[in-house]
Amino acid sequence: MPQLYTSKKPLTLVFPIDWENKKILLGMKKRGFGVNKINGFGGKLEPGETVEQAAYRELLEESMVEAQNMIKVGLNMFTFEGDSVGLEVHVYLTTDYRGEPQETNEMRPEWYDFDKIPFEQMWTDDAYWLPKVLNHEKFVAQYHFAQDQTTILSETFNLVDTVPDDYEQ
Ligand SMILES: Nc1nc2c([nH]c(=O)n2[C@H]2C[C@H](O)[C@@H](COP(=O)(O)OP(=O)(O)OP(=O)(O)O)O2)c(=O)[nH]1
């Protein structure tokens, strides 16, 4: 298989989960990459930050929710036709958190029932892996997109016991 990327950029993605009421906190992204899509909360690492520190900070900045725990559930490598930079997205759940979700400059948060997740308003790949996460499974996956950032040209998906720290091409 040809190399899909020559360098990669780590990103975080966090989903607050209420297992008891079967609800997930998602937000409408108001600006930047993936604008107008519904997604979890996350973004780039700041200099000197670990992935987990960035995940905690981005959730707080985007939703005002403060995670008390952070459970790593997945690793996604996203690549795009014609772009040599891969997006390595580290996916976490938090099940213990403080604060009421609030709209911020970046996101409009809202709780969704597990069976009413608006996949048609989310990134195309989410319909493949998010249900696994809600089924208590962990995964490593790779999705290669066409330039339209919607069509998936190839994918690999594996369930794992422990999510690795890095995606290995
Ligand atoms: N669910 C899902 N999330 C994705 C996909 N691709 C992708 O980059 N993301 C996430 C990872 C990050 O949480 C977010 C992109 O981060 P960002 O560019 O908005 O980062 P940021 O908040 O630091 O950016 P900025 O606007 O402040 O510059 O989107 C995808 O296919 N599915």
Side-chain angles (χ1 to χ4, degrees), residues 8-80 83 85-139 141 143 145 147-152 163 167:
K8 60 183 180 178
K9 185 162 80 174
L11 293 168
T12 66
L13 185 62
V14 183
F15 296 94
I17 298 278
D18 175 350
W19 289 118
E20 204 176 309
N21 295 302
K22 295 191 166 52
K23 285 181 189 286
I24 181 169
L25 190 71
L26 301 171
M28 224 283 289
K29 191 142 193 283
K30 293 164 66 178
R31 65 174 198 206
F33 187 59
V35 64
N36 292 329
K37 283 190 182 7
I38 292 179
N39 204 350
F41 305 86
K44 304 176 195 76
L45 275 62
E46 286 183 353
E49 255 183 350
T50 64
V51 175
E52 196 168 311
Q53 285 166 344
Y56 170 89
R57 176 187 50 75
E58 286 279 349
L59 173 68
L60 184 60
E61 281 178 9
E62 294 184 349
S63 71
M64 308 304 286
V65 170
E66 198 181 343
Q68 305 295 305
N69 69 346
M70 202 70 92
I71 304 155
K72 190 154 188 186
V73 294
L75 187 61
N76 276 319
M77 173 55 71
F78 299 120
T79 51
F80 298 88
D83 188 344
V85 183
L87 303 180
E88 184 189 59
V89 180
H90 299 256
V91 185
Y92 292 85
L93 301 184
T94 176
T95 56
D96 183 12
Y97 33 80
R98 305 263 156 83
E100 278 302 309
Q102 282 175 43
E103 182 167 352
T104 62
N105 290 339
E106 290 193 55
M107 296 286 265
R108 188 158 60 240
E110 200 178 323
W111 289 102
Y112 290 85
D113 291 336
F114 285 177
D115 58 3
K116 292 190 186 126
I117 295 178
F119 286 113
E120 67 292 346
Q121 295 174 68
M122 299 172 72
W123 282 96
T124 323
D125 52 282
D126 295 22
Y128 294 88
W129 56 265
L130 190 52
K132 308 284 184 197
V133 171
L134 299 181
N135 197 32
H136 301 275
E137 290 172 302
K138 296 180 179 168
F139 71 94
Y143 296 95
F145 283 86
Q147 278 172 344
D148 66 5
Q149 298 187 350
T150 302
T151 311
I152 295 172
V163 182
Y167 185 86

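How far CD of E62 is from CE of M107: 5.0 Å, rounded to the nearest 0.5 Å. Distance check, rounded to the nearest 0.5 Å: CG of D18 to OG1 of T94 gives 11.5 Å. Rounding to the nearest 0.5 angstrom, the gap separating the CD1 atom in I117 from the CG atom in D126 is 9.5 Å. With rounding to the nearest 0.5 Å, the separation of CG in N76 from CG in L87 is 10.5 Å. Annotation: the span from I17 atom CD1 to D96 atom CG amounts to 13.5 Å, rounded to 0.5 Å.
The side chain to side chain donor-acceptor pair (under 3.5 Å) contacts involving residues 33-43 comprise nothing, where partners must be two or more places apart or lie in separate chains. Pairs of residues two or more places apart, or lying in two chains, that qualify as ring pair (Phe, Tyr, Trp, His ring centres under 6.0 Å) and include a residue from residues 26-51 are F33-W123.
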**Message:** Between V14 and M70, does the side-chain contact (heavy atoms from CB on, under 4.5 Å) criterion hold? Intermediate values first, please.
**Reply:** CA-CA 8 Å; V14 183; M70 202 70 92; 4.1 Å; yes
**Request:** Evaluate side-chain contact (heavy atoms from CB on, under 4.5 Å) for Y143 paired with T124, printing each intermediate quantity in order.
**Result:** CA-CA 10 Å; Y143 296 95; T124 323; over 6 Å; no
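Closest approach of W111 to P16, counting heavy atoms only: CZ3-O, 3.8 Å. Smallest separation of non-hydrogen atoms from D83 and V85: OD1-N, 3.0 Å. The minimum heavy-atom distance linking A67 with L59 is given by the pair CB-CD2, 3.9 Å.
Atom CE of M64 has 12 or fewer neighbouring heavy atoms from other residues, nucleotides or ligands inside a 6.0 Å radius. Open room surrounds CG on N105; 12 or fewer heavy atoms of other groups in view lie less than 6.0 Å from it. Atom CD of E20 sits in a sparse spot, with 12 or fewer heavy atoms from other residues, nucleotides or ligands closer than 6.0 Å. Environment of CD in E100: sparse, with no more than 12 heavy atoms of neighbouring residues, nucleotides or ligands closer than 6.0 Å.
Residues satisfying the salt bridge (charged side-chain N to carboxylate O under 4.0 Å, His left out) test with R98, not counting sequence neighbours, are none. The side chain to side chain contact (heavy atoms under 4.5 Å, CB included) test applied to K72 returns H90, Y92, V163, not counting sequence neighbours. By the salt bridge (charged side-chain N to carboxylate O under 4.0 Å, His left out) test, D113 is found to be paired with K23, K116, residues two or more places apart in sequence or in another chain being considered. For K30, the salt bridge (charged side-chain N to carboxylate O under 4.0 Å, His left out) partners are E103, not counting sequence neighbours. Applying the ring pair (Phe, Tyr, Trp, His ring centres under 6.0 Å) criterion to F114, with sequence neighbours excluded, gives W19. Not counting sequence neighbours, T104 has no partner by the side chain to side chain donor-acceptor pair (under 3.5 Å) test. P131 meets the side chain to side chain contact (heavy atoms under 4.5 Å, CB included) test with F119; sequence neighbours excluded. In this view, D148 and A146, T150, T151 satisfy the side chain to side chain contact (heavy atoms under 4.5 Å, CB included) rule, not counting sequence neighbours. Looking at residues two or more places apart in sequence or on another chain, you find a side chain to side chain donor-acceptor pair (under 3.5 Å) between E137 and N135.
A donor-acceptor contact shorter than 3.5 Å is absent between the side chain of K132 and the backbone of G74. Without hydrogens or angle criteria, E88 side chain to Y167 main chain gives a donor-acceptor distance under 3.5 Å.
Contact check for I38 versus Y112: side-chain heavy atoms found under the 4.5 Å cut-off. Side-chain contact between F15 and V133: absent, with no pair of heavy atoms (C-beta onward) separated by less than 4.5 Å. With contacts defined as side-chain heavy-atom distances shorter than 4.5 Å, the pair Y128/I152 qualifies. Side-chain atoms of P109 and V65, non-hydrogen and from C-beta on, never get closer than 4.5 Å to each other. Between V91 and W129 there is a side-chain heavy-atom pair separated by less than 4.5 Å.
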Pair up each side-chain donor or acceptor in residues 42-56 with any protein partner under 3.5 Å, not counting sequence neighbours, and list the distances.
unit_1, atom_1, unit_2, atom_2, d
E49, OE1, E46, N, 2.8
E49, OE1, R57, NE, 3.4
E49, OE1, R57, NH2, 3.0
E49, OE2, R57, NE, 2.5
T50, OG1, Q53, N, 3.0
T50, OG1, Q53, OE1, 3.4
Q53, OE1, T50, N, 2.9
Y56, OH, E66, OE2, 3.0

